[in-house]
Chemist: 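Pasting a structure here, questions to come.
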2 protein chains.
Amino acid sequence: MPVNQKIKVAVDGVVFGYTSKDGLLILLIKRDVTPFKGDWALPGGLVLDEESLEDAIYRELKEETGVQINYLEQLYSFGKPGRDPRNRVVSITYYGLVKPDGLMLNAGTDAGDARWFNVKNMPELAFDHRDIVSVALKRLQSKIVYEPIGFELLDEKFPFSELEKLYMAVLDRPIDRRNFKKKVSKFGFLIETNEKQALETAGRPGNLFCFDQEKYFQLKKDGINFEI
Amino acid sequence: MPVNQKIKVAVDGVVFGYTSKDGLLILLIKRDVTPFKGDWALPGGLVLDEESLEDAIYRELKEETGVQINYLEQLYSFGKPGRDPRNRVVSITYYGLVKPDGLMLNAGTDAGDARWFNVKNMPELAFDHRDIVSVALKRLQSKIVYEPIGFELLDEKFPFSELEKLYMAVLDRPIDRRNFKKKVSKFGFLIETNEKQALETAGRPGNLFCFDQEKYFQLKKDGINFEI
DNA sequence: TCAAAAGTGTTCTTGATACACCCATGG
DNA sequence: CCATGGGTGTATCAAGAACACTTTTGA
């Protein structure tokens with residue numbers, strides 16, 4: 001039994017954001033140390049001896065980017081020898097979702113080099129972070145059709161078209177507006193408010209909706225399952 | 001940056017088997033060291049400095065149980081401080097499937113204390129292994145309905161009723177034989193042979209079927225998705 | 001000849017898909 | 001009054017669910 005194991009444990013986070021203007025976004029930081037100095041990478045770092053994995057990823061995200069996470073879930077663990085050229089590092093990765101009002105960076109301490117990139121227009125990434133992003137994107141795509149995590153990427157109140165465009169951006173395919181509305185409405189956790197969208201552009205303003213989390217959890221507990 | 005991190009990295013495996021006689025089975029080993037000496041636990045152990053996580057779990061399963069794994073997939077990583085009373089251990093867990101002809105234990109070196117238990121009749125487990133099994137079972141249940149991993153729990157040739165009973169055992173609910181057969185047959189990767197089941201009991205013997213892996217991968221590549 | 005398990009089709013209901021015109025607003 | 005984007009309903013088709021009797025074998 002090797003008690004003198006040399007493996008280190010890290011956490012890394014794939015944080016997604018969304019705006020209809022910029023599409024599906026991912027949060028990266030610019031490395032200021034070797035290896036891969038100057039390259040972009042996922043936020044993350046080593047786990048402290050006494051903190052849980054979740055605490056570690058929240059701490060790293062706060063320190064390095066200052067974003068406010070709405071949803072976080074463990075993704076996968078990467079541990080191939082050689083993925084970090086310095087030491088053997090096993091990284092437990094998470095993916096998170098941020099609402100548009102939390103996209104503002106630099107609220108943290110040393111977030112000077114954090115930036116959002118459109119997922120279709122990412123730079124080269126350090127380590128095996130490209131693989132991690134790829135797994136995260138697939139997970140997001142498959143999860144968003146059977147749990148309403150899409151709402152965690154929108155403001156509290158949003159026009160219906162935002163939800164629709166978000167799904168198109170994440171799933172990367174067209175969606176029929178009428179069928180989509182029928183499906184989503186059927187579940188009953190979408191509340192229509194009396195307010196209307198504030199426009200910056202021409203076009204008819206849409207009604208604002210919000211997500212009824214209470215009702216969703218109730219439905220989920222009763223065993224009703226959401227599927228888009 | 002803490003370079004003197006004290007966390008250890010382990011792998012643990014939830015290995016499922018199935019026979020129509022005994023139902024859905026899980027592989028446990030009896031601990032012969034403290035802590036939890038004499039209790040049952042999942043097979044697993046610390047990862048060696050130079051081996052991949054997958055190599056580690058295969059090695060541990062072989063050393064501790066000698067089973068022959070047909071399917072293996074990473075499950076989840078558990079890392080709460082205190083889950084192991086001795087040291088901080090982060091465990092990357094896997095779940096695996098074994099065909100009935102690989103159920104034989106003791107082919108390994110020191111597998112004297114490995115045993116199969118029906119999932120509905122497990123003993124108390126060491127550490128947080130009960131939680132791990134619970135996650136694995138949910139994963140198996142959700143995976144078996146959209147990927148044909150069920151075939152990895154049956155012999156090469158099997159009567160159709162075995163497949164049906166397996167699904168009932170895993171999903172823990174009744175299934176209509178005719179509807180199930182229609183669904184499964186529709187995909188076209190189920191081959192009917194001319195052979196008939198050898199009976200130990202009364203009743204009409206069923207035709208034997210086998211799973212066409214080639215065809216399945218072809219269909220999958222073409223983007224056809226299986227769902228029971 | 002009885003008990004046990006396998007084999008097989010049809011009907012009905014529900015959900016999925018395809019599709020086009022009118023409405024409210026800003027410029 | 002025109003351009004832009006939001007809002008809405010129906011008809012067709014496919015898949016899912018419910019359901020019972022006949023056949024083959026061992027005892």
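As the structure is a computational prediction, the values presented were derived from the model and not from experiment. So that the names make sense, note that chain A is the first sequence line, chain B the second, and so on, each numbered from 1.
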Chemist: Does any non-hydrogen side-chain atom of B:Y18 lie less than 4.5 Å from one of B:P100?
Modeler: no
Chemist: Just the rounded figure in Å: distance from P of D:dG26 to CD of B:E200.
Modeler: 12 Å
Chemist: Could you tell me whether B:K181 contacts a base, only the sugar-phosphate backbone, or nothing, with contacts defined as non-hydrogen atoms closer than 4.0 Å?
Modeler: sugar-phosphate
Chemist: Identify the residue among A:Y167, A:F211, A:F180 that makes a ring-ring contact (aromatic ring centres under 6.0 Å, His included) with A:F160.
Modeler: A:F180
Chemist: In terms of side-chain heavy atoms of B:P205, which of D:dT24, C:dA16, D:dA17 is nearest?
Modeler: D:dT24
Chemist: Hey, is NZ on A:K181 packed in by over 12 heavy atoms from elsewhere, all under 6.0 Å?
Modeler: yes
Chemist: Quickly work out the A:K182 NZ to C:dA18 P distance and round it to whole Å.
Modeler: 12 Å
Chemist: Tell me the interatomic distance from A:E227, atom CD, to C:dG15, atom P, rounded to whole angstroms.
Modeler: 12 Å
Chemist: Got a sec: does the NZ of A:K80 have more than 12 other heavy atoms crowding it under 6.0 Å?
Modeler: no
Chemist: Rounded to the nearest Å, what distance is computed from the CG atom of residue B:L163 to the C1' atom of nucleotide C:dG7?
Modeler: 15 Å
Chemist: Pick base, sugar-phosphate or nothing for B:D176, based on heavy-atom distances below 4.0 Å to the nucleic acid.
Modeler: base
Chemist: Answer yes or no: are there more than 12 heavy-atom neighbours, outside B:E156 itself, under 6.0 Å from its atom CD?
Modeler: no
Chemist: Report, as yes or no, whether the 6.0 Å neighbourhood of atom NZ on B:K143 holds more than 12 heavy atoms from other residues, nucleotides or ligands.
Modeler: yes
Chemist: Check the pair B:E73 / B:Y71 against side-chain hydrogen bond (donor to acceptor under 3.5 Å, both in side chains), numbers first and verdict last.
Modeler: CA-CA 7 Å; B:E73 181 183 311; B:Y71 178 87; 2.4 Å; yes
Chemist: Within this structure, what is the CZ-to-C1' distance between A:R178 and C:dG15, rounded to whole angstrom?
Modeler: 17 Å
Chemist: Expressed as a whole number of angstroms, how long is the span from B:L199:CG to D:dG26:C1'?
Modeler: 8 Å
Chemist: Considering only heavy atoms and no angle criterion, is a donor-acceptor pair shorter than 3.5 Å present between the side chain of B:N207 and the base of C:dA6?
Modeler: no
Chemist: Rounding to an integer number of Å, can you tell me how far B:K196 NZ sits from C:dA5 C1'?
Modeler: 13 Å
Chemist: Determine whether a donor-acceptor pair (one donor, one acceptor, N or O, separation below 3.5 Å) exists between the side chain of B:R177 and the base of D:dA20.
Modeler: no
Chemist: Which protein N or O atoms sit under 3.5 Å from an N or O of nucleotides 3-5 of chain D?
Modeler:
| unit_1 | atom_1 | unit_2 | atom_2 | d |
| --- | --- | --- | --- | --- |
| D:dT4 | O2 | A:G203 | N | 3.1 |

Chemist: Rounded to the nearest Å, what distance is computed from the CG atom of residue A:N179 to the P atom of nucleotide D:dA14?
Modeler: 16 Å
